[in-house]
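Just the heavy atoms: all of them, side chains too, but no hydrogens, waters or symmetry mates, feed the values below.
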Amino acid sequence: HIGRAVVYTPSALLTNYSIPSVTTPVVFDDHLQFSATTYVGNNVGNNVGNNTGKVVIAYVDYNAVAPNYPEGMPGARYTAAIVGTVTGTGITFGTPVEFQPRHAVQYRHHPGDPLVGNGYPEYNGSSSLIYLDHPSQYASNIISTYDSINDRVVIAYEDSYYRFGHHGASGGPFGVAVVGEVTGTGITFGNPVIFEGWDQSSYMGGIDDPAITYDSTNGKVVIAYSSRGNYTHGKAVVGTVDPSNNSIGFGTAVKFESNYVGLGAVAHEGDRNPTGISATYDSINDKVVIAYKVSDGPYMQQYEAPGMMYGIPLGPSRGTAIVGTIDHSDNSIGFGTTAVFHSARCDHISATFDSANGKVVIAYSDETNTEWHTADRSYTPPLNLTSAYGMVIVGTVDASNNTIGFGSTAYFNPTNSTSHIISTYNSTDEKVLIAYKDYNASGYRYRSNAIEGTVVGTAITFSTPVEYAP
(Lines give C-alpha, C1' and ligand atoms only; values in the text may rest on other atoms or scores of the structure.)
Protein backbone atom coordinates (compact mmCIF):
# COMPACT_ATOMS: atom_id res chain seq x y z
CA HIS A 1 0.00 0.00 0.00
CA ILE A 2 1.17 3.51 -0.78
CA GLY A 3 0.59 6.27 1.76
CA ARG A 4 -0.87 9.38 0.14
CA ALA A 5 -2.19 12.63 1.56
CA VAL A 6 -4.67 14.95 -0.10
CA VAL A 7 -5.86 18.43 0.91
CA TYR A 8 -9.60 19.00 1.06
CA THR A 9 -10.88 22.50 0.30
CA PRO A 10 -14.45 23.43 1.29
CA SER A 11 -16.55 25.01 -1.41
CA ALA A 12 -17.29 28.68 -1.24
CA LEU A 13 -20.94 27.85 -1.91
CA LEU A 14 -22.52 27.87 1.54
CA THR A 15 -25.62 25.96 0.52
CA ASN A 16 -27.06 22.60 1.48
CA TYR A 17 -25.40 21.15 -1.58
CA SER A 18 -21.96 22.71 -1.59
CA ILE A 19 -19.36 20.56 -3.32
CA PRO A 20 -15.86 20.03 -1.92
CA SER A 21 -12.76 20.11 -4.06
CA VAL A 22 -9.52 18.22 -3.58
CA THR A 23 -5.95 18.52 -4.71
CA THR A 24 -3.44 16.09 -6.21
CA PRO A 25 -2.40 13.37 -3.72
CA VAL A 26 1.14 13.54 -2.32
CA VAL A 27 3.08 10.34 -1.49
CA PHE A 28 4.71 10.30 1.95
CA ASP A 29 5.50 6.54 2.17
CA ASP A 30 5.26 3.71 -0.34
CA HIS A 31 5.01 0.78 2.11
CA LEU A 32 2.12 1.79 4.37
CA GLN A 33 -0.22 -0.29 6.52
CA PHE A 34 -2.59 0.82 9.32
CA SER A 35 -2.66 4.61 9.60
CA ALA A 36 -4.28 7.42 11.59
CA THR A 37 -4.26 11.18 10.98
CA THR A 38 -4.89 14.07 13.35
CA TYR A 39 -4.88 17.83 12.89
CA VAL A 40 -2.50 19.89 14.99
CA GLY A 41 -3.30 23.56 15.62
CA ASN A 42 -2.34 25.13 18.91
CA ASN A 43 -4.61 28.00 19.92
CA VAL A 44 -4.07 28.02 23.66
CA GLY A 45 -2.06 30.29 25.94
CA ASN A 46 1.17 31.85 24.72
CA ASN A 47 1.70 29.27 21.99
CA VAL A 48 -0.96 30.55 19.63
CA GLY A 49 -0.25 29.53 16.06
CA ASN A 50 2.94 27.53 16.71
CA ASN A 51 1.65 24.47 14.91
CA THR A 52 -1.25 25.87 12.91
CA GLY A 53 -1.72 24.08 9.61
CA LYS A 54 0.06 20.86 10.65
CA VAL A 55 -1.15 17.29 10.47
CA VAL A 56 0.44 14.20 12.00
CA ILE A 57 0.06 10.84 10.26
CA ALA A 58 0.90 7.75 12.31
CA TYR A 59 1.32 4.49 10.43
CA VAL A 60 3.12 1.17 10.08
CA ASP A 61 5.91 1.21 7.49
CA TYR A 62 5.34 -2.27 6.07
CA ASN A 63 8.18 -4.03 4.24
CA ALA A 64 10.34 -1.17 5.45
CA VAL A 65 13.67 -0.27 3.95
CA ALA A 66 16.46 -1.93 5.94
CA PRO A 67 20.14 -2.84 5.59
CA ASN A 68 20.61 -5.15 2.58
CA TYR A 69 17.01 -4.43 1.55
CA PRO A 70 16.97 -1.04 -0.20
CA GLU A 71 13.62 -1.84 -1.82
CA GLY A 72 12.06 -2.98 1.44
CA MET A 73 12.57 -6.00 3.65
CA PRO A 74 9.73 -8.58 3.54
CA GLY A 75 8.06 -8.87 6.91
CA ALA A 76 9.71 -5.81 8.46
CA ARG A 77 7.28 -3.45 10.16
CA TYR A 78 8.20 -0.18 11.84
CA THR A 79 5.80 2.29 13.39
CA ALA A 80 6.34 5.85 12.26
CA ALA A 81 4.80 9.28 12.49
CA ILE A 82 5.33 12.10 10.04
CA VAL A 83 4.41 15.78 10.19
CA GLY A 84 2.73 17.40 7.21
CA THR A 85 2.47 21.15 6.68
CA VAL A 86 -0.52 22.40 4.74
CA THR A 87 0.01 25.56 2.68
CA GLY A 88 -2.91 26.64 0.55
CA THR A 89 -3.96 23.52 -1.32
CA GLY A 90 -0.60 21.75 -1.02
CA ILE A 91 1.11 19.68 1.65
CA THR A 92 4.77 18.93 2.39
CA PHE A 93 6.26 16.44 4.85
CA GLY A 94 9.12 16.22 7.30
CA THR A 95 11.10 13.09 8.18
CA PRO A 96 9.32 10.02 9.66
CA VAL A 97 10.04 9.27 13.33
CA GLU A 98 9.53 5.88 15.00
CA PHE A 99 7.25 5.97 18.04
CA GLN A 100 7.17 2.29 19.10
CA PRO A 101 10.30 0.86 20.82
CA ARG A 102 11.97 -1.94 18.93
CA HIS A 103 11.43 -5.27 20.61
CA ALA A 104 14.37 -7.45 21.62
CA VAL A 105 14.13 -10.69 19.67
CA GLN A 106 16.42 -13.31 18.25
CA TYR A 107 16.73 -13.38 14.48
CA ARG A 108 18.81 -14.75 11.61
CA HIS A 109 20.54 -12.78 8.90
CA HIS A 110 19.91 -15.58 6.38
CA PRO A 111 18.48 -19.12 6.43
CA GLY A 112 20.91 -21.46 8.11
CA ASP A 113 22.67 -18.70 10.05
CA PRO A 114 22.74 -18.95 13.85
CA LEU A 115 20.24 -16.99 15.92
CA VAL A 116 21.60 -13.67 17.15
CA GLY A 117 20.30 -11.02 19.51
CA ASN A 118 18.54 -11.19 22.84
CA GLY A 119 15.01 -12.20 23.64
CA TYR A 120 12.56 -14.64 22.10
CA PRO A 121 12.52 -15.97 18.52
CA GLU A 122 10.14 -14.24 16.16
CA TYR A 123 7.54 -16.42 14.46
CA ASN A 124 4.86 -15.86 11.87
CA GLY A 125 1.40 -17.42 11.80
CA SER A 126 2.72 -20.76 10.50
CA SER A 127 5.42 -20.96 13.21
CA SER A 128 8.13 -20.59 10.58
CA LEU A 129 11.12 -18.44 11.44
CA ILE A 130 11.26 -15.04 9.78
CA TYR A 131 14.75 -14.06 8.72
CA LEU A 132 15.53 -10.47 9.61
CA ASP A 133 18.54 -8.21 9.45
CA HIS A 134 17.45 -6.56 12.68
CA PRO A 135 14.48 -6.70 15.08
CA SER A 136 11.08 -5.77 13.72
CA GLN A 137 7.98 -4.27 15.30
CA TYR A 138 4.34 -5.07 14.88
CA ALA A 139 1.62 -2.56 15.69
CA SER A 140 -1.92 -2.38 14.42
CA ASN A 141 -5.19 -0.58 15.14
CA ILE A 142 -3.42 2.80 15.22
CA ILE A 143 -5.55 5.77 16.32
CA SER A 144 -4.65 9.34 17.22
CA THR A 145 -6.02 12.63 18.52
CA TYR A 146 -4.80 16.14 19.29
CA ASP A 147 -4.71 17.52 22.84
CA SER A 148 -5.31 21.20 22.07
CA ILE A 149 -4.88 22.38 25.67
CA ASN A 150 -1.40 20.84 26.02
CA ASP A 151 -0.47 21.06 22.32
CA ARG A 152 0.37 17.36 22.14
CA VAL A 153 -0.53 14.48 19.84
CA VAL A 154 -1.66 11.23 21.46
CA ILE A 155 -1.21 8.01 19.46
CA ALA A 156 -2.72 4.77 20.72
CA TYR A 157 -2.23 1.34 19.18
CA GLU A 158 -2.17 -2.39 19.72
CA ASP A 159 1.37 -3.57 20.36
CA SER A 160 0.76 -6.90 18.67
CA TYR A 161 4.29 -8.10 18.19
CA TYR A 162 3.38 -11.23 20.12
CA ARG A 163 0.03 -11.63 18.39
CA PHE A 164 0.72 -15.21 17.29
CA GLY A 165 1.22 -16.55 20.76
CA HIS A 166 4.99 -16.59 21.32
CA HIS A 167 5.43 -14.45 24.39
CA GLY A 168 8.20 -13.12 26.48
CA ALA A 169 7.97 -12.85 30.24
CA SER A 170 5.81 -9.75 29.99
CA GLY A 171 3.48 -11.07 27.29
CA GLY A 172 1.32 -9.18 24.80
CA PRO A 173 -0.52 -7.84 22.85
CA PHE A 174 -1.01 -4.63 24.80
CA GLY A 175 -3.06 -1.49 24.42
CA VAL A 176 -0.44 1.26 24.37
CA ALA A 177 -0.47 5.06 24.13
CA VAL A 178 2.37 7.51 23.47
CA VAL A 179 2.51 11.32 23.51
CA GLY A 180 4.17 13.31 20.72
CA GLU A 181 5.31 16.93 20.60
CA VAL A 182 5.44 18.68 17.24
CA THR A 183 8.21 21.20 16.63
CA GLY A 184 8.47 22.63 13.14
CA THR A 185 8.34 19.69 10.74
CA GLY A 186 9.52 17.14 13.32
CA ILE A 187 7.98 15.25 16.22
CA THR A 188 9.45 13.77 19.40
CA PHE A 189 7.87 11.21 21.71
CA GLY A 190 7.72 10.35 25.38
CA ASN A 191 7.69 6.82 26.76
CA PRO A 192 4.82 4.51 25.76
CA VAL A 193 2.26 3.72 28.48
CA ILE A 194 0.15 0.54 28.66
CA PHE A 195 -3.56 1.12 29.25
CA GLU A 196 -4.71 -2.48 28.67
CA GLY A 197 -2.35 -5.34 29.44
CA TRP A 198 -2.01 -9.06 28.91
CA ASP A 199 -2.61 -11.77 31.50
CA GLN A 200 0.14 -14.30 30.95
CA SER A 201 -1.45 -16.92 33.23
CA SER A 202 -4.80 -16.96 31.43
CA TYR A 203 -3.29 -16.23 28.01
CA MET A 204 -5.84 -13.46 27.52
CA GLY A 205 -5.75 -9.71 27.14
CA GLY A 206 -5.06 -6.93 24.72
CA ILE A 207 -7.35 -4.75 22.64
CA ASP A 208 -9.17 -4.66 19.32
CA ASP A 209 -11.08 -2.05 17.35
CA PRO A 210 -9.92 0.97 19.41
CA ALA A 211 -11.38 4.45 18.97
CA ILE A 212 -10.16 7.72 20.43
CA THR A 213 -11.66 11.13 21.12
CA TYR A 214 -10.63 14.26 22.99
CA ASP A 215 -12.54 16.15 25.67
CA SER A 216 -11.53 19.66 24.63
CA THR A 217 -13.25 21.29 27.61
CA ASN A 218 -11.29 19.47 30.29
CA GLY A 219 -8.22 18.19 28.42
CA LYS A 220 -8.98 14.47 28.65
CA VAL A 221 -8.27 11.69 26.15
CA VAL A 222 -10.83 8.87 25.97
CA ILE A 223 -10.02 5.51 24.37
CA ALA A 224 -12.80 2.98 23.73
CA TYR A 225 -11.98 -0.56 22.66
CA SER A 226 -12.93 -4.20 22.59
CA SER A 227 -11.13 -6.01 25.41
CA ARG A 228 -9.76 -9.43 24.52
CA GLY A 229 -9.26 -10.22 28.19
CA ASN A 230 -13.01 -9.79 28.81
CA TYR A 231 -14.31 -11.86 25.89
CA THR A 232 -14.35 -8.79 23.59
CA HIS A 233 -16.54 -6.74 25.93
CA GLY A 234 -16.53 -2.98 25.37
CA LYS A 235 -14.31 -0.91 27.67
CA ALA A 236 -13.26 2.75 27.90
CA VAL A 237 -10.40 4.46 29.70
CA VAL A 238 -9.64 8.14 30.37
CA GLY A 239 -6.15 9.64 30.12
CA THR A 240 -4.51 12.94 31.05
CA VAL A 241 -1.41 14.25 29.26
CA ASP A 242 1.52 15.70 31.20
CA PRO A 243 3.26 18.07 28.76
CA SER A 244 6.29 18.50 31.04
CA ASN A 245 7.60 15.04 30.11
CA ASN A 246 5.28 14.01 27.26
CA SER A 247 3.65 11.28 29.31
CA ILE A 248 0.04 10.20 29.80
CA GLY A 249 -1.62 8.77 32.90
CA PHE A 250 -4.79 6.66 32.83
CA GLY A 251 -7.63 5.98 35.21
CA THR A 252 -9.28 2.59 35.65
CA ALA A 253 -10.90 1.14 32.53
CA VAL A 254 -14.71 0.85 32.71
CA LYS A 255 -16.88 -1.70 30.91
CA PHE A 256 -19.67 -0.12 28.85
CA GLU A 257 -20.92 -3.25 27.03
CA SER A 258 -21.04 -6.91 28.16
CA ASN A 259 -21.79 -8.46 24.79
CA TYR A 260 -19.35 -8.92 21.89
CA VAL A 261 -18.19 -5.49 20.69
CA GLY A 262 -16.53 -4.62 17.40
CA LEU A 263 -15.20 -7.16 14.96
CA GLY A 264 -13.51 -9.63 17.30
CA ALA A 265 -9.94 -10.65 17.93
CA VAL A 266 -9.35 -12.59 14.70
CA ALA A 267 -11.72 -10.71 12.42
CA HIS A 268 -9.34 -8.30 10.78
CA GLU A 269 -5.90 -9.81 10.35
CA GLY A 270 -4.11 -8.37 7.36
CA ASP A 271 -4.37 -4.89 5.98
CA ARG A 272 -7.88 -3.97 7.00
CA ASN A 273 -8.43 -1.29 9.62
CA PRO A 274 -11.29 -2.34 11.88
CA THR A 275 -14.11 0.13 12.42
CA GLY A 276 -16.43 -1.64 14.83
CA ILE A 277 -16.13 1.21 17.38
CA SER A 278 -16.06 5.00 17.04
CA ALA A 279 -16.09 7.79 19.62
CA THR A 280 -16.73 11.53 19.60
CA TYR A 281 -17.00 14.35 22.12
CA ASP A 282 -20.15 16.44 22.52
CA SER A 283 -18.63 19.79 23.55
CA ILE A 284 -22.00 21.42 24.24
CA ASN A 285 -23.14 18.82 26.77
CA ASP A 286 -19.63 17.80 27.92
CA LYS A 287 -20.32 14.15 27.08
CA VAL A 288 -18.49 11.36 25.27
CA VAL A 289 -20.52 9.32 22.77
CA ILE A 290 -19.36 5.86 21.72
CA ALA A 291 -20.96 4.23 18.67
CA TYR A 292 -20.23 0.57 18.09
CA LYS A 293 -21.34 -2.73 16.64
CA VAL A 294 -22.47 -5.24 19.25
CA SER A 295 -23.20 -8.92 18.65
CA ASP A 296 -24.79 -11.69 20.69
CA GLY A 297 -22.00 -13.97 19.45
CA PRO A 298 -18.41 -13.47 18.25
CA TYR A 299 -17.30 -12.89 14.68
CA MET A 300 -14.74 -15.45 13.61
CA GLN A 301 -12.36 -15.40 10.62
CA GLN A 302 -13.81 -12.38 8.87
CA TYR A 303 -12.24 -11.44 5.55
CA GLU A 304 -12.80 -8.59 3.13
CA ALA A 305 -13.07 -9.09 -0.61
CA PRO A 306 -13.84 -6.26 -3.03
CA GLY A 307 -17.07 -4.67 -1.93
CA MET A 308 -18.13 -7.06 0.79
CA MET A 309 -17.16 -9.04 3.85
CA TYR A 310 -16.55 -12.74 4.38
CA GLY A 311 -17.12 -14.16 7.83
CA ILE A 312 -18.86 -16.54 10.21
CA PRO A 313 -21.31 -14.55 12.32
CA LEU A 314 -22.18 -16.49 15.46
CA GLY A 315 -24.95 -14.17 16.60
CA PRO A 316 -27.11 -11.24 15.43
CA SER A 317 -25.56 -7.77 15.58
CA ARG A 318 -26.77 -4.18 15.75
CA GLY A 319 -25.46 -0.62 15.79
CA THR A 320 -25.52 0.82 19.30
CA ALA A 321 -24.53 4.10 20.99
CA ILE A 322 -23.90 5.02 24.61
CA VAL A 323 -23.22 8.32 26.40
CA GLY A 324 -20.44 8.72 28.94
CA THR A 325 -19.63 11.35 31.59
CA ILE A 326 -16.04 11.84 32.73
CA ASP A 327 -15.17 12.32 36.38
CA HIS A 328 -12.19 14.63 36.05
CA SER A 329 -11.05 14.11 39.62
CA ASP A 330 -9.95 10.51 39.07
CA ASN A 331 -10.03 9.94 35.28
CA SER A 332 -13.02 7.64 35.53
CA ILE A 333 -16.07 7.53 33.25
CA GLY A 334 -19.67 6.52 33.85
CA PHE A 335 -22.26 5.56 31.26
CA GLY A 336 -25.99 5.83 30.69
CA THR A 337 -28.20 3.30 28.94
CA THR A 338 -27.57 2.10 25.38
CA ALA A 339 -29.57 3.19 22.35
CA VAL A 340 -29.81 1.19 19.10
CA PHE A 341 -29.35 3.27 15.95
CA HIS A 342 -29.37 0.34 13.49
CA SER A 343 -31.22 -2.86 14.36
CA ALA A 344 -29.29 -5.14 12.00
CA ARG A 345 -25.72 -5.78 10.86
CA CYS A 346 -23.58 -2.70 10.26
CA ASP A 347 -19.89 -1.91 10.03
CA HIS A 348 -17.31 0.82 9.22
CA ILE A 349 -18.78 3.07 11.92
CA SER A 350 -17.57 6.67 12.19
CA ALA A 351 -19.03 9.27 14.56
CA THR A 352 -18.44 13.03 14.64
CA PHE A 353 -19.99 16.01 16.43
CA ASP A 354 -21.71 18.95 14.71
CA SER A 355 -20.98 21.74 17.20
CA ALA A 356 -23.15 24.32 15.39
CA ASN A 357 -26.27 22.21 15.76
CA GLY A 358 -25.29 20.22 18.84
CA LYS A 359 -25.76 16.90 17.08
CA VAL A 360 -23.86 13.62 16.93
CA VAL A 361 -23.61 12.29 13.37
CA ILE A 362 -22.91 8.58 12.87
CA ALA A 363 -21.97 7.25 9.43
CA TYR A 364 -21.79 3.51 8.75
CA SER A 365 -22.33 0.81 6.14
CA ASP A 366 -25.75 -0.82 6.21
CA GLU A 367 -25.06 -4.53 5.90
CA THR A 368 -28.64 -5.63 6.49
CA ASN A 369 -28.89 -7.11 3.00
CA THR A 370 -25.26 -8.12 2.59
CA GLU A 371 -24.68 -11.82 2.09
CA TRP A 372 -21.94 -13.42 4.12
CA HIS A 373 -19.90 -16.30 2.72
CA THR A 374 -17.81 -18.92 4.48
CA ALA A 375 -16.67 -21.19 1.66
CA ASP A 376 -15.08 -18.93 -0.94
CA ARG A 377 -12.47 -16.66 0.64
CA SER A 378 -10.73 -15.68 -2.56
CA TYR A 379 -10.42 -12.07 -3.67
CA THR A 380 -12.53 -12.66 -6.78
CA PRO A 381 -15.87 -10.81 -6.55
CA PRO A 382 -18.53 -13.44 -5.83
CA LEU A 383 -21.33 -13.92 -8.32
CA ASN A 384 -24.05 -13.16 -5.78
CA LEU A 385 -22.52 -9.94 -4.49
CA THR A 386 -24.91 -7.61 -2.68
CA SER A 387 -24.11 -4.15 -1.43
CA ALA A 388 -23.57 -2.58 1.97
CA TYR A 389 -24.81 0.94 1.36
CA GLY A 390 -23.55 4.08 3.10
CA MET A 391 -25.94 5.39 5.75
CA VAL A 392 -26.04 8.24 8.29
CA ILE A 393 -28.13 8.95 11.36
CA VAL A 394 -28.26 12.11 13.52
CA GLY A 395 -28.41 11.86 17.31
CA THR A 396 -29.22 14.28 20.16
CA VAL A 397 -27.68 13.84 23.61
CA ASP A 398 -29.79 14.36 26.72
CA ALA A 399 -27.27 15.44 29.34
CA SER A 400 -29.74 15.05 32.21
CA ASN A 401 -29.75 11.27 32.03
CA ASN A 402 -26.82 10.34 29.75
CA THR A 403 -28.99 9.11 26.90
CA ILE A 404 -29.08 9.74 23.16
CA GLY A 405 -32.04 9.79 20.78
CA PHE A 406 -31.96 9.50 16.99
CA GLY A 407 -33.80 10.88 14.00
CA SER A 408 -34.43 9.04 10.75
CA THR A 409 -31.66 7.43 8.73
CA ALA A 410 -30.45 8.80 5.41
CA TYR A 411 -28.28 7.21 2.71
CA PHE A 412 -25.20 9.07 1.49
CA ASN A 413 -24.29 6.23 -0.90
CA PRO A 414 -27.52 4.40 -1.75
CA THR A 415 -26.36 2.48 -4.82
CA ASN A 416 -22.87 1.05 -4.22
CA SER A 417 -21.08 -0.88 -1.52
CA THR A 418 -19.50 1.43 1.07
CA SER A 419 -16.56 0.79 3.38
CA HIS A 420 -13.58 2.44 5.15
CA ILE A 421 -15.74 5.36 6.30
CA ILE A 422 -14.14 8.37 8.01
CA SER A 423 -16.16 11.38 9.12
CA THR A 424 -15.26 14.77 10.55
CA TYR A 425 -16.86 18.17 11.07
CA ASN A 426 -15.93 21.32 9.15
CA SER A 427 -16.72 24.09 11.64
CA THR A 428 -15.97 26.87 9.13
CA ASP A 429 -18.75 25.92 6.74
CA GLU A 430 -20.77 23.95 9.33
CA LYS A 431 -20.66 20.79 7.25
CA VAL A 432 -20.09 17.13 8.02
CA LEU A 433 -17.46 15.62 5.73
CA ILE A 434 -17.51 11.88 5.01
CA ALA A 435 -14.74 10.08 3.13
CA TYR A 436 -15.31 6.49 2.07
CA LYS A 437 -14.47 3.70 -0.34
CA ASP A 438 -17.12 3.16 -2.99
CA TYR A 439 -17.28 -0.18 -4.77
CA ASN A 440 -19.24 -0.60 -7.99
CA ALA A 441 -20.08 -4.30 -8.25
CA SER A 442 -21.08 -4.20 -11.90
CA GLY A 443 -17.77 -2.66 -12.96
CA TYR A 444 -15.61 -4.14 -10.20
CA ARG A 445 -14.17 -0.67 -9.53
CA TYR A 446 -13.16 1.10 -6.35
CA ARG A 447 -13.50 4.87 -5.86
CA SER A 448 -12.23 7.01 -3.01
CA ASN A 449 -15.05 9.48 -2.51
CA ALA A 450 -15.84 12.41 -0.24
CA ILE A 451 -19.22 13.98 0.40
CA GLU A 452 -20.56 16.88 2.48
CA GLY A 453 -23.62 16.70 4.70
CA THR A 454 -25.72 19.52 6.19
CA VAL A 455 -27.60 18.85 9.42
CA VAL A 456 -31.05 20.37 9.88
CA GLY A 457 -32.73 19.31 13.09
CA THR A 458 -32.30 15.54 13.27
CA ALA A 459 -32.14 15.21 9.47
CA ILE A 460 -29.19 15.52 7.08
CA THR A 461 -28.89 16.29 3.37
CA PHE A 462 -25.92 15.60 1.12
CA SER A 463 -23.96 17.17 -1.73
CA THR A 464 -22.73 15.35 -4.82
CA PRO A 465 -19.79 13.04 -3.99
CA VAL A 466 -16.32 13.89 -5.28
CA GLU A 467 -13.66 11.32 -6.14
CA TYR A 468 -10.47 12.47 -4.43
CA ALA A 469 -8.02 9.73 -5.36
CA PRO A 470 -8.78 8.50 -8.90
Side-chain angles (χ1 to χ4, degrees), residues 143 145 149 156 195-196 207 209-227 230 232-240 250-262 276-296 317-343 346 349-364 392-409 423 425 432 455 457-460:
I143 51 178
T145 191
I149 292 178
F195 62 84
E196 179 78 6
I207 66 167
D209 294 7
I212 193 168
T213 191
Y214 178 66
D215 173 349
S216 56
T217 304
N218 304 284
K220 302 293 181 179
V221 174
V222 180
I223 303 173
Y225 55 94
S226 175
S227 172
N230 288 273
T232 64
H233 295 171
K235 296 175 72 174
V237 67
V238 180
T240 304
F250 289 99
T252 302
V254 176
K255 184 187 296 185
F256 63 83
E257 177 61 65
S258 296
N259 287 316
Y260 292 90
V261 172
I277 304 174
S278 183
T280 191
Y281 175 65
D282 179 339
S283 57
I284 293 178
N285 293 299
D286 190 22
K287 302 293 181 182
V288 172
V289 178
I290 302 173
Y292 58 97
K293 179 169 72 174
V294 60
S295 307
D296 295 334
S317 64
R318 55 206 168 272
T320 304
I322 194 167
V323 178
T325 301
I326 297 173
D327 185 338
H328 308 293
S329 65
D330 60 359
N331 276 3
S332 63
I333 186 169
F335 291 96
T337 57
T338 58
V340 174
F341 62 83
H342 189 77
S343 59
C346 62
I349 300 169
S350 182
T352 192
F353 181 65
D354 179 340
S355 56
N357 294 288
K359 302 297 181 181
V360 174
V361 180
I362 302 173
Y364 58 96
V392 165
I393 194 165
V394 178
T396 306
V397 169
D398 185 341
S400 66
N401 57 6
N402 271 11
T403 59
I404 185 170
F406 293 101
S408 300
T409 55
S423 64
Y425 180 65
V432 173
V455 173
T458 57
I460 187 169

Give the minimum heavy-atom separation between [X] and [Y], together with the two atoms involved.
X    : Y    : value
S283 : T217 : O-OG1, 4.3 Å
E196 : S227 : OE2-OG, 3.0 Å
A279 : A211 : N-CB, 3.8 Å
Y425 : A356 : OH-CB, 3.2 Å
I277 : V261 : CD1-CG1, 3.5 Å
N218 : Y281 : ND2-OH, 4.2 Å

Using side-chain heavy atoms (C-beta onward) and a distance below 4.5 Å, is [X] in contact with [Y]?
X    : Y    : value
V361 : I460 : yes
I207 : F195 : yes
Y225 : V237 : yes
Y214 : I149 : yes
V221 : T145 : yes
F341 : I404 : no

Output, in order, the C-alpha distance, side-chain angles, deciding distance and verdict of side chain to side chain donor-acceptor pair (under 3.5 Å) for E257 and T338. CA-CA 9 Å; E257 177 61 65; T338 58; 5.2 Å; no

Does T409 form a side chain to side chain contact (heavy atoms under 4.5 Å, CB included) with Y364? I'd like the steps, not just the answer. CA-CA 11 Å; T409 55; Y364 58 96; 3.6 Å; yes

Nearest-0.5 Å distance that lies between atom [atom1] in [X] and atom [atom2] in [Y]:
X    : Y    : atom1 : atom2 : answer
I143 : S278 : CD1   : OG    : 10.0 Å
I333 : T325 : CD1   : OG1   : 7.5 Å
K235 : S226 : NZ    : OG    : 10.0 Å
D286 : I284 : CG    : CD1   : 11.5 Å
S258 : H233 : OG    : NE2   : 5.5 Å
I223 : I212 : CD1   : CD1   : 4.5 Å

Intermediate values then yes/no, side chain to side chain contact (heavy atoms under 4.5 Å, CB included), I349 and H342: CA-CA 11 Å; I349 300 169; H342 189 77; over 6 Å; no

Among T240, T213, D215, side-chain hydrogen bond (donor to acceptor under 3.5 Å, both in side chains) partner for K220: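 Output: one option passes, namely T240.
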
Could you tell me whether the side chains of T320 and K293 share a donor-acceptor contact shorter than 3.5 Å?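 No - no donor-acceptor pair under 3.5 Å links their side chains.
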
Which residues share a ring pair (Phe, Tyr, Trp, His ring centres under 6.0 Å) with F353, sequence neighbours left out: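 Expected list: none.
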
